[in-house]
Every structure is written in C-alpha cells, then in structure tokens.
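Worksheet for the structure shown next.
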Number of protein chains: 2
Amino acid sequence: MTTTDSGAQHTVRSRRAASSGKDPQRRERIARAAITVVAERGVDKVTHRAVAAAAGVPLGSTTYHFATLDDLLAVALEQAAQDNVAQLREWAKALPAGQDLAAALSDLVLHFLGPERKRTVVEHELYVAALHRPALQQASTEWDAALRDLFTSYTDPVTGRMLSAVFCGLLLQGVVRDPMPERDEIEMIFRRALGHSGRT
Amino acid sequence: MTTTDSGAQHTVRSRRAASSGKDPQRRERIARAAITVVAERGVDKVTHRAVAAAAGVPLGSTTYHFATLDDLLAVALEQAAQDNVAQLREWAKALPAGQDLAAALSDLVLHFLGPERKRTVVEHELYVAALHRPALQQASTEWDAALRDLFTSYTDPVTGRMLSAVFCGLLLQGVVRDPMPERDEIEMIFRRALGHSGRT
DNA sequence: ACCGTTCTTGTACAAATGTACACCAAGAGG
DNA sequence: CCTCTTGGTGTACATTTGTACAAGAACGGT
C-alpha cells in the first residue's frame, strides 16, 4: 500500500508491450505524458509520479529515462514547441496564395484558442517557465523566431514582427478569458493592424 | 536545528517593530515578499518558508495571516496587478495631450522591459498561473481590461484592443529574449500598427 | 489589577516528492 | 547452457512542504 499508483498502472500498461522487455517508444511516451500534465494541471504539477501515472508506466520508468526532473521538463516542452511550430508551418503551407491575410490570421487564432487550446496553454506555460529555467529558453526563443519568420514571409520584416506581437498578445489574452472572443472582434483587430484594408 | 531559517529571521526582524507586539504592516509586507519571490525564483517556488525568509518574519507569521497558500498567492498577485495598473494610469496621466502615440508607447514598453522588468515578469507569471488557478483569474482579467480601457481612451475601441494586443505581445516576447529589443524596432512596430503615420 | 482578544512565534507532523538502488527479464555472444 | 549487458520495475529514504497547534506577548476595556 506504499505506492498506490503502481498497481493501477500495471493494468493499463499490460495492454501493450507487456511481453517484450524493450519499448523504444517509452521515452517519447513519457515526454508526451508530461505535456498533458502541463496542459491539464499546470507546469508546477509536473512530478515524476504524476507523469508516470499519466503515461501508464511505473514510477521507476520515469527516473530511468530521465535522470532529473529538469531533463524531463526540458525534453517535454521542447517537443511541445516543435509540434507547435510544425503546426504553424503546415498552416502556412495550406494557405492559398491570394488569401485575405486578416481572415486567415483570425482563423488561426480561433483555431489555437478553440480546438488546440490545450496546446496553446502548454506553450504559454513553457514560455513563462523559461523565465526562471535557462534550459527552456532556447525552445521559447525558437518559437517566436519561427512565428516571426512565418509572418514575415507573407508581408515584410516590420509588419511580420508586428503581426507576431499581435498574434502573441491575442493568444495570451484569449487563453485566460473565460468566453472565447468573437471572430469579428479578432478580424477587426487584424484589419486595423494591417492598415484598414486587411490586404497586403 | 529543525527550523534553520527561524534563527536568522529573528535577527533581521529585530531591526524594526521588535518591541511592539502588533505590526499592522505585517500582512502587506508578507504579500510583497511573496511578489519578490515570484520575481526572483518563479511562482512555483512560492512556499510559506521562502516567503517568510524573504519578508524577514518567522514561518508561523505567514500561516497566521494567510490561512492557505492559495490565499497568499491570490492576495500577493492581486496586489501586483493593482500596482501595475496604477503605474499604467500614472503614465497615462503624465502623457502630454498631443504626444506622438507610437513614441510614447515605445517608451512604455522599454520602461517595462528595463527598469520594471521584475514587475513585468511577475505579471506574466501571474497571468499564466491563473490558467490553472481560478482564484487568480479575476486579477488577470482586470489587468487587461485596464489595459484596453487605457489604450481605448486615446484612440478608439478597435485600435485600443489592437494596441493592447501588440503591447502584450511585445512585453511577452521581450521578457524572454536575452538582449532587450532595440528602441527603433519597437517604435517601427507601433507606427506600422497605427497605420504608417503613428499619429491619431 | 484582571481578563479576553488579537497578534506572534516556535515547533510538530503527516503528506508529497526527488532520487538512489537493489532486484527481475530478456536477449546477445560464447 | 551460462553469463553479461541493457532495459524495466518496485521500494526505500531523506528532504521539503503545507498546515496545525500550544504557548507567549501586548493591548484595550472594566
């Protein structure tokens, strides 16, 4: 009765890879479990035990694959950042050439505040967690570098930076607010930022 | 030797109010100490003991004035938010009537990223901490409501919201980046957001 | 002077947590 | 078949943490 979690995990784990002693996906699965813990309970609730429970692995598994907790956090959040950037690049690739930029950006914001809200929450927790954890600063820097490059490639350097700031601000304000902001409001803001016409 | 901190605190505390048993500023001093702990070590390092050490009071004092840790965090961060809003209002009051808005906003951003960087860090830690702590959401909401009102009062509703998003985004990106952004870069961004002229 | 109220403090204790470590399991090489 | 290496697991233990609590100190009212 000392480790109450281990028992339940055993049941979950026995679903897959119960017979083989090797599981190359273990490490990644644990990292992803850490991300979900951040999304659901916050970055300060990321403990070896919480992550192990979320991943369906015993406690010893997390300490085996990640020497220290900071390693786990760094790898997990770096992965989250990469996922997010990849998602942004996909969005950019799927964007039609002559598309109304303000409308497209509004879609993107609503996408990140709605279906992908959890991922957005994780990204922002990572962002401020990096303020006091040097190991995470690189991932944060890479994130808004990717953001700037993306927006710059559709306009110009100054406008790109401006748009990334607007985007970042809208996301930050949007995740905290209870009701999601209206689509019209977002779009008007982007149109105003782009100079009343909304087209470049 | 059980509570190593208590001894040292005694020395610090005896500087002031050592004779009187009542100290009406105690509560506020503890709350402010919590803010400095957030600024210097992050919101997840806010413990009764860390705050007590920072405030120069014994451990029992923090548990007396704040029943639970969430109370302490809520009061402290609410106070930080109020300070920040008050600072914004002061800035607005001191702003000359016909001032170049883009230049003034750039000054404000640089002020928050430079001399007031710690306060900015605290504000953002509060902001994302509210994502998983309902007790803090009110303070966060009030913060960007004040921000919107402030900027709206100098322009119009849509532009005000847009500016608050830009402001928020620039601050967030600015606190994480190692070197502070250049003044020219900030100002150009604001001018571009305000429609190339930078004047309203 | 006495008492009750409020403030203050030192200490205690259970729960949670990071991490170490001693055992299993399975396959490779002989 | 034996063994050695590597992956995996359960448990133990010291530390940190939140919180409770008993005892003391100052002050106001009577």
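All of these numbers come straight from a predicted model, not from anything done at the bench. Atoms considered below: every heavy atom in the structure, side chains included; atoms not considered: hydrogens, waters and symmetry mates. Within every chain, numbering begins at 1; the chains are lettered A, B, ... in the order of the sequence lines, protein sequences first and strands thereafter.
Taking atom CZ on B:F66 and atom P on D:dG18, their separation rounds to 14 Å, with Å as the unit. Spacing between atom CD1 of B:I30 and atom C1' of C:dT9 amounts to 12 Å, rounded to whole angstrom units. One interatomic measurement links the two molecules: CG of B:L72 to P of D:dT17, which rounds to 14 Å at whole-angstrom precision. Whole-Å rounding puts the A:D44 CG to D:dT17 P distance at 13 Å.
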Chi angles and distances behind the salt bridge (charged side-chain N to carboxylate O under 4.0 Å, His left out) call for B:R177, B:E185 = CA-CA 14 Å; B:R177 220 200 307 193; B:E185 185 185 337; 3.8 Å; yes

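Following chains of ILVMFWY side-chain contacts shorter than 4.5 Å, one cannot reach A:V158 starting from A:L150, and the two form parts of different hydrophobic clusters.
Residue A:V46 forms a side chain to side chain contact (heavy atoms under 4.5 Å, CB included) with just one option from A:V51, A:I35, A:L77, and that option is A:V51.
Of the inter-residue distances, the one linking B:L163 atom CG with B:L194 atom CG reads 5.0 Å to the nearest 0.5 angstrom. Note that CG of A:D107 is 8.5 Å distant from CH2 of A:W91, once rounded to the nearest 0.5 Å. To the nearest 0.5 Å, atoms CD1 (A:I186) and CE (A:M188) are separated by 10.0 Å.
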query = Can you give one letter per nucleotide of nucleotides 15-24 of chain C, going 5' to 3': B for a protein heavy atom under 4.0 Å from the base, S for sugar-phosphate only, - for none?
reply = --BBB-----

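For B:E116, the side-chain hydrogen bond (donor to acceptor under 3.5 Å, both in side chains) partners two or more places apart in sequence, or in a different chain, are B:Q87, B:R119.
Two end axes, each from the C1' atoms of five base pairs, can be drawn for the helix from C:dA1-D:dT30 to C:dG30-D:dC1; they diverge by 10°, to 10 degrees.
Residue B:H124 comes nearest to B:C168 through the heavy atom pair NE2-O, 4.3 Å, listed as atom of the first residue, atom of the second, then distance.
Within the structure, a side-chain polar atom (N or O) of A:S61 is placed less than 4.0 Å from OP1 or OP2 of D:dT9. B:Y64 has no side-chain polar atom (N or O) that falls below the 4.0 Å cut-off from OP1 or OP2 of C:dT8.
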